[in-house]
Number of protein chains: 2
Amino acid sequence: MEDTVVFEEPITAQKCSENLSSVEDAIYVIGGKWKLKIIIVLQENGNIRFNELQRSIQGISARVLSNELKDLELNGFVKRVVHADQIPVVVEYISTDYSRTLKPVIIALSQWGKTHKRKIKENF
Amino acid sequence: MEDTVVFEEPITAQKCSENLSSVEDAIYVIGGKWKLKIIIVLQENGNIRFNELQRSIQGISARVLSNELKDLELNGFVKRVVHADQIPVVVEYISTDYSRTLKPVIIALSQWGKTHKRKIKENF
DNA sequence: CGGTATCCATGTTGATACTG
DNA sequence: CAGTATCAACATGGATACCG
């Protein structure tokens, strides 16, 4: 009548409202069209400059990127580093340790996205 | 020239653009403020009616819920079941097997959200 | 280069009312 | 109950120009 082995966190009814609120919190900070993408590119590159970053992310405008970066910085996912010793001043963005805690989320999303794409292709 | 053991998908530079595009695909279908929440509630309940669902999801309006459900149905995450034999007609929404493939994503987001909330509290 | 300011088009949402 | 229609309010986003 009962599973003897629990191999992964099951989605139980009790857990679920908790789940819901945690997922809500997560979506609140890393949701939206761009945030995770920026975080991924930043993790890929170690350090990257504004225009380079903009070029890396298809379709984002300077204004939106600028706003997103401010947001991400406030929440501790990104660090803005200014090299004032160079002229013209060089600004670099780097990902933080905290942004690396998102790795499991990124992996899960990436894997799901990959199989989803496969599924979509099969249906045509 | 080939890895003999792959123990977890590492975030490497080569993998990353692939990552990026997969995550993009995922966000495209399950992104936004409501979709994942609806999916979670549906998975929790097995079957649930429209107004019940609306009450379960804090702050969503009937119009938005209706649109989201249509979208989710189109993408195979939700099934709309009409019990025409009852008067007035009862409509129930149930989650599909395909929506269950999102379990790892939900778990990852939920766990991250939980520790994030903890972190935020500590900083005050 | 690394942004910001402004304007404007478009999209999204909320409130309310209404229907079968 | 299970939505839909309508309209107004607001948010978001692109385009362009501009600045230090």
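Order of the sequence lines sets the chain letters (A, B, ...), proteins ahead of strands, with each chain counted from 1.
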So, is [X] near the phosphate of [N], with a side-chain N or O under 4.0 Å from OP1 or OP2?
X: A:S61; N: D:dG14; value: yes
X: B:S66; N: D:dT4; value: yes
X: A:Y93; N: C:dG3; value: yes

Look at the side chain of [X] and decide which nucleotide, out of [options], has an atom nearest to it.
X: B:R55; options: D:dT4, D:dC1, C:dG3; result: D:dC1
X: A:R49; options: D:dA2, D:dT4, C:dG2; result: C:dG2
X: B:F50; options: D:dA2, D:dT4, C:dT4; result: D:dA2
X: A:V91; options: D:dC1, C:dG2, D:dG14; result: C:dG2
X: B:R80; options: D:dT4, C:dT4, D:dA2; result: D:dA2

Taking atom [atom2] of [N] as reference, at what distance in whole Å does atom [atom1] of [X] sit?
X: A:D71; N: D:dG13; atom1: CG; atom2: P; result: 12 Å
X: A:N67; N: D:dT12; atom1: CG; atom2: C1'; result: 10 Å
X: A:E92; N: C:dG3; atom1: CD; atom2: C1'; result: 16 Å
X: B:E68; N: D:dT4; atom1: CD; atom2: P; result: 13 Å
X: B:N47; N: D:dA2; atom1: CG; atom2: P; result: 12 Å
X: B:Q54; N: D:dC1; atom1: CD; atom2: P; result: 10 Å
X: B:Q58; N: C:dG14; atom1: CD; atom2: C1'; result: 15 Å
X: A:L65; N: C:dT4; atom1: CG; atom2: C1'; result: 13 Å

Q) Hey, is the side chain of A:R63 pairing donor to acceptor with the base of D:dG13 inside 3.5 Å? A) yes

Using a strict 4.0 Å threshold on nitrogen-to-oxygen distance, state whether A:K35 and A:E68 make a salt bridge.
-> yes

query: Under 30°, 30 to 60°, or over 60°: which ring-plane class applies to B:F77 and B:Y98, parallel, tilted or perpendicular?
result: parallel

Comparing nearest nucleotides in DNA chain C, the 5'-proximal residue of the pair A:L69, B:P88 is A:L69

Quiz item: B:K70 near the nucleic acid: base, sugar-phosphate alone, or nothing, with a heavy-atom cut-off under 4.0 Å?
Solution: sugar-phosphate

**Message:** What contact category does A:G59 fall into here, base, sugar-phosphate, or nothing, at under 4.0 angstrom with non-hydrogen atoms?
**Reply:** sugar-phosphate

- Query: For A:I87, does the CD1 atom have more than 12 heavy-atom neighbours from other residues, nucleotides or ligands under 6.0 Å away?
  - Reply: no

**Asked** Are side-chain N/O atoms of A:Q43 and A:S99 paired as donor and acceptor at under 3.5 Å?
**Response** yes

Do the side chains of A:E18 and B:K114 get nearer than 4.5 Å, heavy atoms only? yes

